[in-house]
Number of protein chains: 4
Amino acid sequence: MVQNSNSSSNKPGSARVRRKSEARRLEILRAAARVFRRSGVAAAGMRDIAEEADLSPGNLYYYFAGKDELLFFCQDQTVDRMLEAAEAARASTLPVADQLRAVIRAHLHYTLEELEGATAHLEIDMLAEDLRRPLIEKRDKYEQAVRALIAKGIKRGEFAPCDTALVARAILGALNWASRWYRPDGKQSVSAIAQGLADYLVRGLAGPPKANPNANTAPARAISGGQT
Amino acid sequence: MVQNSNSSSNKPGSARVRRKSEARRLEILRAAARVFRRSGVAAAGMRDIAEEADLSPGNLYYYFAGKDELLFFCQDQTVDRMLEAAEAARASTLPVADQLRAVIRAHLHYTLEELEGATAHLEIDMLAEDLRRPLIEKRDKYEQAVRALIAKGIKRGEFAPCDTALVARAILGALNWASRWYRPDGKQSVSAIAQGLADYLVRGLAGPPKANPNANTAPARAISGGQT
Amino acid sequence: MVQNSNSSSNKPGSARVRRKSEARRLEILRAAARVFRRSGVAAAGMRDIAEEADLSPGNLYYYFAGKDELLFFCQDQTVDRMLEAAEAARASTLPVADQLRAVIRAHLHYTLEELEGATAHLEIDMLAEDLRRPLIEKRDKYEQAVRALIAKGIKRGEFAPCDTALVARAILGALNWASRWYRPDGKQSVSAIAQGLADYLVRGLAGPPKANPNANTAPARAISGGQT
Amino acid sequence: MVQNSNSSSNKPGSARVRRKSEARRLEILRAAARVFRRSGVAAAGMRDIAEEADLSPGNLYYYFAGKDELLFFCQDQTVDRMLEAAEAARASTLPVADQLRAVIRAHLHYTLEELEGATAHLEIDMLAEDLRRPLIEKRDKYEQAVRALIAKGIKRGEFAPCDTALVARAILGALNWASRWYRPDGKQSVSAIAQGLADYLVRGLAGPPKANPNANTAPARAISGGQT
DNA sequence: TATGAATGAGATTTCATTCAT
DNA sequence: TATGAATGAAATCTCATTCAT
């Protein structure tokens with residue numbers, strides 16, 4: 001009389017199966033991120049991604065709703081990781097310079113390394129409003145965190161006064177641009193690059209506090225049009 | 001009115017026509033650059049450019065062979081100007097820090113300002129090999145010039161030793177990224193931005209000459225895969 | 001438990017299995033009909049049908065050869081029932097008006113009610129020739145039966161003379177269109193609707209026998225291009 | 001010195017050109033309507049429409065934004081014409097039976113004849129919300145107009161009491177279904193068909209006022225889910 | 001029997017480019 | 001020189017169907 005065999009094993013998502021499927025999704029995200037990094041988001045075609053992930057173009061849509069969703073997940077994961085790193089830095093008790101160095105290292109790690117979803121981030125313009133908005137918010141939050149870090153360093157006297165908004169953007173630009181020239185088979189490891197950039201970018205903040213008439217240390221305000 | 005009134009004075013060869021034609025080409029280049037900057041190269045359509053230049057899509061092809069050529073001229077002009085600026089700096093007798101500041105200011109000026117051909121530059125990947133190669137060469141030459149400037153500063157004792165390749169790329173990244181967040185109707189003028197970025201980016205080079213074991217001051221070599 | 005316990009009792013040939021399988025087929029047909037009715041044949045996807053029938057898309061193909069076959073069985077059952085109803089009416093001894101009312105009621109019942117296979121019927125165009133032809137034949141036969149009923153009423157003097165082909169199509173159109181506006185959760189029951197439509201549609205046939213010069217009471221001929 | 005040659009003749013729409021383009025749009029609408037009628041809206045492909053209109057698929061998009069827009073214009077024109085006919089009938093001083101006959105004739109004329117945009121109308125479900133809503137409103141308005149006509153006939157004693165909503169739907173169903181069986185090369189002209197249907201459908205309303213317990217002559221209310 | 005995954009054909013749509021005038 | 005119109009290739013996406021297990 002066991003007619004209704006709803007014994008939880010014939011629904012499309014038993015535990016083992018869902019795990020396998022989830023693994024495939026991550027593989028695909030990694031592949032997509034590789035293609036995005038390699039060709040740029042706009043030039044990356046679904047065909048390219050499918051080929052990189054070793055499946056047919058149509059089959060991509062079994063796992064993701066479309067290019068938008070693929071790009072969104074890539075970006076979202078990356079920004080989430082960066083936000084975590086920024087928060088961890090903020091909570092630490094090290095000198096602010098070290099906090100900032102940690103954020104820089106994390107940024108490059110997440111941007112350049114072969115993690116699932118890691119994209120030369122923030123090519124967001126092609127996304128539909130629904131998906132773009134939350135990413136922009138997170139991105140702005142991250143930029144604010146970097147600005148706050150710089151402001152904290154100034155307040156503590158570790159850094160010289162400066163236009164925190166401008167400098168934060170300079171730092172983020174230097175970091176984001178790295179994905180344009182970095183080659184995985186190059187001479188320098190990501191760690192070495194991170195070390196070098198952190199040294200240079202932090203050194204520009206420190207030094208003997210010298211009066212700067214243009215300095216703007218006002219509390220950071222979100223500038224939504226900005227691009228990290 | 002009676003100038004050059006030969007039989008066929010409006011064939012593409014006559015002097016006046018050539019002059020008018022050349023002027024129209026520049027207008028179109030300016031329009032194209034605006035669209036490239038506004039939407040990104042990949043998202044910019046020939047229709048958009050035609051509309052911005054106030055002519056029909058078909059007519060664009062009378063002046064330019066295609067999108068590639070338009071993009072090429074935009075980029076080429078920009079890089080030429082930057083190379084000039086770099087050369088002028090090199091030839092100057094000012095302190096190296098000032099030379100570098102001048103290059104930075106010129107870079108932002110040519111990148112952000114409303115000049116014909118100025119594009120949020122270096123979206124070169126979509127170009128065919130023929131057109132891409134010379135641009136890459138010029139771009140590398142420019143990057144080398146910046147590295148050489150830094151190396152000169154180090155040799156003269158003005159700058160602390162550092163990995164010149166890495167730092168040059170950091171600087172260029174910070175500058176190029178500016179076209180992503182700069183808004184013509186924003187609060188800061190291009191000059192103010194240039195001033196602020198130059199201050200920060202040069203300050204990271206100077207400072208008390210401190211021994212840096214990782215420093216790499218080997219003579220600059222072109223790395224063709226790199227992207228300025 | 002020990003019924004038919006031969007060696008291989010779950011091979012598709014055993015009696016019990018065949019019975020179970022047949023039941024499953026009917027469930028699926030009902031589900032398919034629901035989806036066809038709800039979304040229209042063209043918009044109904046195999047995935048939708050599978051979900052409605054609570055099995056996987058792939059498994060549908062164990063029971064049916066494809067969408068064509070599903071649609072064919074739905075339509076075929078419905079038309080068969082209607083033909084039966086038309087035959088039963090013809091064989092009855094009631095007044096022709098009542099015979100026609102019975103056919104109308106049956107038509108709506110089979111079209112709107114939750115019977116297996118009942119589809120907002122006659123979206124046949126997408127079927128392959130092999131399957132379409134027999135359906136068209138049955139459909140034409142049904143249309144002929146309705147025309148014959150009207151003609152009988154005229155011959156007996158119950159109905160006024162009229163163009164039987166045209167009127168039959170008007171009646172069938174009014175009935176078939178009902179599946180477009182009928183909502184199962186609406187105010188009127190199918191029976192009430194059937195009653196109301198039967199009243200109206202039959203009343204248009206009866207009335208004082210008035211001479212109609214355009215009347216066409218020629219023996220009904222099948223018009224194969226017609227759609228009931 | 002006539003530099004700014006904005007003499008209104010080089011903009012994409014000079015009078016002559018716009019007229020030519022507009023003519024092409026109408027041709028395409030007619031072609032689309034033919035295909036919609038022939039194959040049903042869902043089965044009609046842009047390829048089919050393009051072929052019928054004798055241009056390449058891509059070129060369709062020079063004239064219309066997509067399938068939705070094509071369908072919308074077809075439907076919209078048709079419903080507009082029908083609404084006009086209904087209004088004209090309402091305003092007339094003829095007997096209500098004649099008013100209704102005029103509406104019926106117009107309906108068939110606009111549905112079956114080779115007018116630009118005339119579609120076997122009201123396959124609206126595939127349209128996006130933006131375009132669907134206004135059509136549904138117009139459609140409901142038309143249905144209300146027919147119901148009002150019937151109610152007026154009842155009030156004046158011309159028609160027997162009946163469920164106006166149900167009867168209006170029966171009439172519209174009979175009319176709409178005609179596009180399924182009508183063949184332009186058939187024996188009967190559209191006028192003849194219209195005459196025959198009008199006769200039958202109106203005759204069912206008239207007759208000696210006979211008490212009908214189910215009668216519903218309440219003022220017509222819009223039933224938005226309904227489908228004319 | 002049943003499933004998740006895969007596929008290939010085809011649909012709509014976009015767009016740089018060309019053509020006739 | 002300039003235009004509206006046309007085209008063909010490619011992009012994204014859908015979906016009935018099949019396959020391995």
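Residue numbers start from 1 in every chain, and the chains themselves are labelled A, B, ... in the order their sequence lines are given, proteins ahead of strands.
With rounding to the nearest 0.5 Å, the separation of CG in A:D68 from CZ in A:F73 is 11.5 Å. Within the model, atoms CG of C:N59 and CZ of C:F64 stand 11.5 Å from one another, a figure rounded to the nearest 0.5 Å. Note that the CD atom of A:Q75 and the CD atom of A:Q77 stand 11.0 Å from one another [nearest 0.5 Å].
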Secondary-structure string, 5' to 3', Watson-Crick or G-U under 3.5 Å, | for another-strand partners, for DNA chain E: .||||||||||||||||||||
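More than 12 non-hydrogen atoms from other residues, nucleotides or ligands lie less than 6.0 angstrom from CZ of B:R38. Shown here is C:E51, whose CD atom has no more than 12 heavy atoms of other residues, nucleotides or ligands within 6.0 Å. Other residues, nucleotides and ligands contribute over 12 non-hydrogen atoms within 6.0 Å of the CD atom of D:E69.
One interatomic measurement links the two molecules: CZ of D:F64 to C1' of E:dT12, which rounds to 16 Å at whole-angstrom precision. The CD atom of D:E22 sits 11 Å away from the P atom of F:dA5 (whole-angstrom rounding). Across the protein-nucleic acid pair, A:Y62 atom OH and E:dA5 atom P stand 4 Å apart, rounded to whole Å. The distance from atom CG of A:L71 to atom P of F:dT12 is 12 Å, rounded to the nearest whole Å. The distance between atom CD of D:E51 and atom C1' of F:dT7, rounded to the nearest whole Å, is 16 Å. The interatomic distance linking D:R25 (CZ) with F:dA5 (P) rounds to 11 Å, in whole Å. Rounded to whole Å, atom P of E:dA11 lies 14 Å from atom CE of D:M126.
Using atom C1' as the reference point in both F:dT21 and E:dT1, the two lie 12 Å apart (nearest Å).
Comparing B:S56 and D:L55 by the nucleotide of DNA chain F that holds the closest heavy atom to each, the one mapping nearer the 5' end is B:S56.
In terms of the side-chain hydrogen bond (donor to acceptor under 3.5 Å, both in side chains) criterion, A:R47 has no residue partners (sequence neighbours excluded).
The shortest distance between side-chain heavy atoms of C:R24 and C:L55 falls below 4.5 Å.
Contacts of B:L60 with the nucleic acid, taken as non-hydrogen atoms under 4.0 Å apart, are absent. Here B:Y63 lies in heavy-atom contact (under 4.0 Å) with sugar-phosphate atoms only.
Contact check on C:R132 versus C:E129 returns a salt bridge, with a Lys/Arg side-chain nitrogen under 4.0 Å from an Asp/Glu carboxylate oxygen.
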Under 4.0 Å protein heavy-atom contact, by nucleotide of nucleotides 16-21 of chain F - B base, S sugar-phosphate only: BBB---
